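Because the structure is a prediction, the values reported are computed rather than measured. Order of appearance sets the numbers: ligands from 1, and atoms from 1 within every ligand.
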Amino acid sequence: MLTFAQLNAYDMLSNEDILQFRADFPILEETIYGKPLVYFDNGATTQKPLQVLSKIEYAYNHLNANIHRGVHYLSQKATEAHEAARSTVAEFLGAEKREEIIFTRGTTEAINLVAFSFGEAFCKEGDEIVVTVMEHHSNIVPWQMVCERKGLKLKVVPMNETGELDLQVYDSLLNERTRLVAVAHVSNVLGTVNPIRQMIEMAHSKGIRVLVDGAQAVPHIPVNVKELDADFYVFSAHKIYGPTGIGVLYGNYDVLNALPPYQGGGEMIDKVSFEKTTYNELPFRLEAGTPDYIGSTALAEALRYVSAIGLNEIAVYEHELTRYATEKLNEIEGMRIIGTSENKSAVISFLVGSIHPYDIGMLLDKMGIAVRTGHHCAQPLIDSLNIPGTVRASFAFYNTKEEVDVFIQALRKVVIMLS
Ligand code: PMP
């Protein structure tokens, strides 16, 4: 995996490039309360380019029929498009086999699938699951549920004051009872890019499986699941310029093949009788019901879109944007940035003096600036920091330094109003 220092070797996207890309996103032209929209809530969801929007329209207009099993022309075309999308995702993630790609409703469902099925197949009372203090609720609660169901224990890796995981404690938590580590590639609150490669190596040296929550990583940095040697890697389409309602579970073939079905229904079966049902092979065994074949086609288009720009180029550009915004934010009196790791992605969480984050977010909104406030679905992290929440600005490649300037100017006004 490239470090940010190595990424700097790549060409920076120019202002002209960015303006050209912005033209692909009609929503960026919206005005909010009469002010031009500044959309800094990309961590929650990203905007969609025309290419993805027209793919959805095209698919409904020309490729819409339920897939698999259909003998008629349209059904076969729709099936081809859906399965081609699976190959596009496999290639995007550097997976060895297309059968290693399972379509889910999103990151959350992908984690629930693994927590349930892996829990059923491989976990028994007294076993342990390791998560980290900076996980999103989606990478905590499904594990708590399996812990409750099967009598397992949840262990938590702490972090230091810059927002980096304590790898010594991590190492000490990995023992013969540990069945799986579930860790975010990039924190949605702190922006920290965790040393996933190293963490996987440490777990694998003790025969422990690792699930990586890539929701905040795939839109921002190049990811190759084979290089990482991840057992499971999950993400949501809507955070990488694709549609809502679809996401991906990558699983190493052998591990995935050992998992029992998560949900029962159509497509996941081989033969059904009232006495006994046998199951289909991968990937279908883990995809019950009519899949979101329009969504998969649109997701593939989104992946082609970002790949054409280049994930390296996106990472370098967003890194510079984050550096610039951090520098400007730090000039504001009372500024406290939460998460100051050297290895950070395009997320900045902050507090100003004793002002409540919600008040800052409300007033910024009135100036056309969309940021997120609160616990960001990471209550245990926020509680461990003993803060009420944060204001979070999260960037995409279509954001500009000019937008950062507008945001900083507005924030200065808000701070004066609320101080
Ligand atoms: N994990 C992380 C790190 C996230 O940022 C998010 C979305 N905020 C999720 C999981 C959940 O993603 P989704 O709601 O798309 O399933």
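Thr297 and His82 share no side-chain donor-acceptor pair at under 3.5 Å. A side-chain N or O of Tyr324 and one of Asp405 form a donor-acceptor pair less than 3.5 Å apart.
In this structure, Lys48 is not positioned above the aromatic face of Tyr241 in the sense of NZ or CZ being under 6.0 Å from the six-membered ring centre and within 45° of the axis.
For an aromatic pair to be called close, the ring centres must be under 6.0 Å apart, and His220 with Phe397 fails this.
A distance limit of 4.0 angstrom between heavy atoms and ligand 1 selects the residues Thr107, Thr108, His136, Ser138, Asn188, Asp213, Ala215, Gln216, Ser236, His238, Lys239.
Ring pair Phe235/Phe92 is tilted by interplanar angle, where 30° to 60° counts as tilted.
Closest heavy-atom contact between Tyr398 and Glu403: O-OE1, 3.9 Å.
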